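Every value quoted in this text rests on a predicted model; they were computed, and no experiment measured them. Side-chain atoms are counted along with the backbone in the values below, which use heavy atoms only and exclude waters and symmetry mates.
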Amino acid sequence: MSQPMGESISIEERFEAFVAEENRVEPKHWMPDAYRKTLVRQISQHAHSEVVGMLPEANWISRAPSLRSKLILLAKVQDEAGHGLYLYSAAETLGTPREKMIDDLLTGKAKYSSIFNYPTLTWADMGAVGWLVDGAAIANQVMLCRTSYGPYSRAMVRICKEESFHQRQGFEIMMNLSKGTKGQKEMAQDALNRWWWPSVMMFGPSDDNSPNSAQSMRWRIKRKSNDELRQEYIDKTVKQAEYLGLTIPDKDLKWNEDTGHYDFGEIDWTEFFDVIAGNGPCNAERIAARQKAHNDGAWVRDAASAYAKKQSRRKKLEEETQDSAA
Amino acid sequence: MLDTCDFKTQYVLHLADDALVLGQRLSGWCGHGPILEQDIAISNISLDLIGLARQYYQYAAELIGGDTTEDSLAYFRESREFYNHLIVEQPNGDWGDTMSRQFYFDTFHFFQLQHLTRSEDLRLREIATKALKETTYHAQFSAEWIIRLGDGTKESRKRVQKSITHHFPYALEFFETTEFDKQAHDLNLGPDVRELKDKWIEKVREVLNIATLDDINSDAVAKKGGKRGIHSEEHGLILAEMQSVARSYPDAKW
Amino acid sequence: MKNETSKPWPLWEVFVRSKNGLAHKHAGSLHASDQEMALKNARDVYTRRSEGVSIWVVLSSSVIASSPDDKEPLFAPSDDKAYRHPTFYDIPDDVGHM
């Protein structure tokens with residue numbers, strides 16, 4: 001930099017140059033309002049997905065067919081609460097309190113990953129969700145470890161470290177089922193049939209139909225496009241399905257020598273947008289469950305606040321008494 | 001089962017059943033807690049208890065021998081063959097109910113484990129030594145919540161008072177001696193449960209007092225039966241849910 | 001919905017000493033109503049995989065943070081004290097590791 005920065009360069013442009021050089025943005029740094037808003041929306045959506053995503057899996061904790069699998073599933077769902085918490089914390093550094101984000105979720109203003117609006121119907125779904133849904137989530141999360149906002153990227157690093165066991169536990173369930181009795185194998189195939197397409201949709205609309213993507217890429221919030229991530233996921237998962245001896249429900253799925261990737265069939269975007277719009281099989285149940293937990297917990301949170309207030313008043317009084325005695 | 005296995009095995013199963021049934025109940029909070037932080041905390045306690053149940057069941061399975069496993073004991077016994085205390089099978093209710101149930105149990109569990117760390121039986125000693133650390137934490141956690149709710153708002157005081165009063169007679173079953181308790185004590189495996197009562201009452205009173213809650217009702221009559229396999233009607237439902245997948249595929253490995 | 005006006009639990013910053021001999025490092029934050037709860041929550045949230053031997057919690061509102069002046073410090077990080085860095089000095093290889 002031999003010349004002082006020219007006046008013609010706007011602060012926004014300098015910001016983009018800053019992130020383009022792989023610098024991390026920290027809470028007290030200047031940032032464009034739109035960057036802040038995009039982040040709050042994305043991180044809180046991500047946090048909501050972790051928390052709502054607990055529900056379809058928690059549904060099977062009580063019925064896990066062995067004590068070992070019960071412990072693992074419970075630990076996994078608990079991790080998701082932890083991940084939600086890390087993400088809410090990251091978003092809070094941008095000046096939005098968690099209460100506000102949760103309020104947006106409970107009033108339907110905020111979105112979460114539409115995959116969690118599908119029901120978990122058999123034990124095999126615990127395998128499929130871990131293997132496919134977490135598999136898809138991890139592709140996205142690994143990318144986000146290098147996102148430009150410091151607190152978000154650090155939360156993602158922590159999450160990725162913990163998440164590595166999640167996909168394995170799912171795959172292990174699928175392995176046991178596909179090696180098991182006829183009934184178990186059928187259960188596994190049925191779960192794959194139901195979860196495959198929703199998991200492919202998890203990466204969101206195609207790039208040419210994803211208006212915010214380009215800006216997010218420029219800001220280094222996202223590092224790869226929806227379609228790139230989707231392709232990576234499919235390429236990886238097809239081989240795993242082969243290993244399990246299960247059939248992916250897509251008759252157009254075919255290895256393409258030229259591209260070095262799998263070609264796959266048409267995604268039913270109508271279904272995707274329907275579920276996002278609230279018309280999925282479990283949208284109402286999921287939000288109702290979160291509302292109930294929040295409302296039923298209100299008196300508990302209030303009690304703890306009231307107790308803390310009393311305690312600090314007592315402490316103050318004690319100090320004053322000591323002071324006046326001295 | 002009571003007739004077919006020895007007293008030591010029954011005693012170990014009794015310890016295991018307490019841990020499993022309470023762990024199972026607590027896991028119902030996962031995803032539904034009053035705030036994320038507490039959701040995580042209560043799941044931790046559930047994980048500790050189910051983990052503890054596994055260790056006891058594995059030991060019991062070894063004592064029974066043959067092809068008995070931790071899972072056959074957890075998933076293929078009937079309600080009448082479970083020897084857990086009635087209190088652990090009580091419904092989660094609201095957060096105050098869960099904390100009240102937990103506080104009574106943790107306090108008892110702490111003294112019970114303390115004793116088990118001096119058991120004649122090496123295996124029980126090892127299991128109890130690890131579990132005692134966890135339970136120390138659980139007991140602090142639930143006592144702190146009883147205090148927060150008792151000395152919190154008017155509403156919380158009213159609610160938790162109701163839970164504490166309601167669960168007290170169930171808690172008294174801790175100190176009812178069954179044949180396996182007696183035998184276990186005679187063999188120096190475990191405590192004479194009657195001797196834990198004074199310490200338990202003292203600790204409970206101390207916490208209730210700090211929590212500004214009413215003193216215990218010394219006239220209360222114990223609700224008992226669980227340790228003899230006579231449970232509440234809910235117990236069968238807990239098992240029906242817990243065992244449903246395992247029993248639908250009896251030949252399966254998971 | 002009742003209690004809508006009630007104040008949320010305050011935010012705490014959590015610092016974890018991962019191993020004996022190491023300094024406490026910022027792990028993240030959480031909400032808790034009082035300090036006992038903050039410590040317990042920190043243990044449950046940030047040390048689920050035995051990541052810690054010691055924990056500090058401090059109210060986030062008590063943290064005084066330096067503030068990068070809006071523009072310049074962000075875009076022109078000053079590296080004018082290069083002499084503070086070991087690479088500033090040219091030491092012949094013969095001298096060995098220093």
Side-chain angles (χ1 to χ4, degrees), chain A residues 1 4-5 9 11 13-15 17-19 21 23 25-31 75 78-79 81-90 92-93 97-100 102-103 106-107 151 154-155 158 161-162 165 291 294-295 297-312 315, chain C residues 1-16 18 25-52 57-80 82:
Chain A
M1 263 192 284
M5 291 228 194
I9 302 176
I11 187 158
E13 282 167 324
R14 286 201 235 167
F15 178 84
F18 179 75
V19 292
E21 286 163 20
N23 291 302
V25 181
E26 294 298 338
K28 291 208 152 194
H29 288 160
W30 182 90
M31 62 187 88
Q78 183 204 33
D79 268 352
H83 299 172
L85 197 150
Y86 304 157
L87 288 162
Y88 283 128
S89 297
E92 283 195 88
T93 63
R98 194 200 294 178
E99 283 295 307
K100 162 88 176 73
I102 289 181
D103 199 54
L106 299 183
T107 53
R154 290 190 287 275
R158 187 173 267 276
K161 250 195 238 162
E162 299 187 353
F165 109 74
Q291 281 169 341
H294 189 76
N295 294 343
W299 71 273
V300 179
R301 297 190 299 273
D302 284 347
S305 295
Y307 173 72
K309 213 164 153 190
K310 284 188 204 174
Q311 280 297 86
S312 70
K315 215 163 147 192
Chain C
M1 227 192 295
K2 66 179 171 168
N3 294 312
E4 257 181 338
T5 50
S6 71
K7 251 176 81 179
W9 292 353
L11 193 64
W12 304 71
E13 299 300 323
V14 179
F15 301 82
V16 176
S18 57
K25 196 176 153 202
H26 187 236
S29 55
L30 51 76
H31 288 271
S33 63
D34 56 55
Q35 52 195 36
E36 287 80 17
M37 190 198 281
L39 262 183
K40 284 209 165 55
N41 287 349
R43 174 241 191 219
D44 288 330
V45 172
Y46 289 103
T47 67
R48 291 198 304 287
R49 287 169 172 77
S50 38
E51 293 98 329
V57 289
V58 55
L59 274 172
S60 308
S61 58
S62 302
V63 174
I64 315 297
S66 62
S67 164
D69 188 52
D70 279 353
K71 296 157 202 174
E72 288 316 307
L74 176 53
F75 303 118
S78 76
D79 256 337
D80 60 352

Cut-off 4.5 Å, heavy atoms of chain C, and the answer for A:Asn23 is neither
When the 4.5 angstrom heavy-atom criterion is applied to C:Ala32 and chain A, the contacting part is neither
CD of C:Gln35 to CD of A:Gln311, rounded to nearest 0.5 Å, is 9.0 Å
- Is a side-chain donor or acceptor of A:Ser89 paired with a backbone partner of C:Ser29 at a separation under 3.5 angstrom? yes
The interface call for C:Ser66 against chain A, heavy-atom contacts under 4.5 Å, is backbone
Greatest number of non-hydrogen atom pairs under 4.5 angstrom with chain C, of A:Glu162, A:Lys309, A:Arg98, A:Glu99, falls to A:Glu162
Intermediate values then yes/no, side chain to side chain contact (heavy atoms under 4.5 Å, CB included), A:Tyr307 and C:Met37: CA-CA 12 Å; A:Tyr307 173 72; C:Met37 190 198 281; over 6 Å; no
Looking only at heavy atoms, the pair that brings A:Ala304 and C:Ser33 closest together is CB-OG, 3.3 Å
The interface call for A:Gln291 against chain C, heavy-atom contacts under 4.5 Å, is neither
Rounded to the nearest 0.5 Å, the CD atom of A:Gln78 sits from the CZ atom of C:Arg48 at a distance of 5.5 Å
Interatomic distance, CG@C:Asn41 vs CG@A:Leu85, rounded to 0.5 Å, equals 8.5 Å
Bottom line for A:Arg158: the part with an atom under 4.5 Å from chain C's heavy atoms is side chain
Q | A:Glu92 and C:His31: CA distance, side-chain angles, deciding distance, side chain to side chain contact (heavy atoms under 4.5 Å, CB included) verdict | A | CA-CA 11 Å; A:Glu92 283 195 88; C:His31 288 271; 2.8 Å; yes
So, the part of A:Tyr88 with a heavy atom under 4.5 Å from chain C: the answer is neither
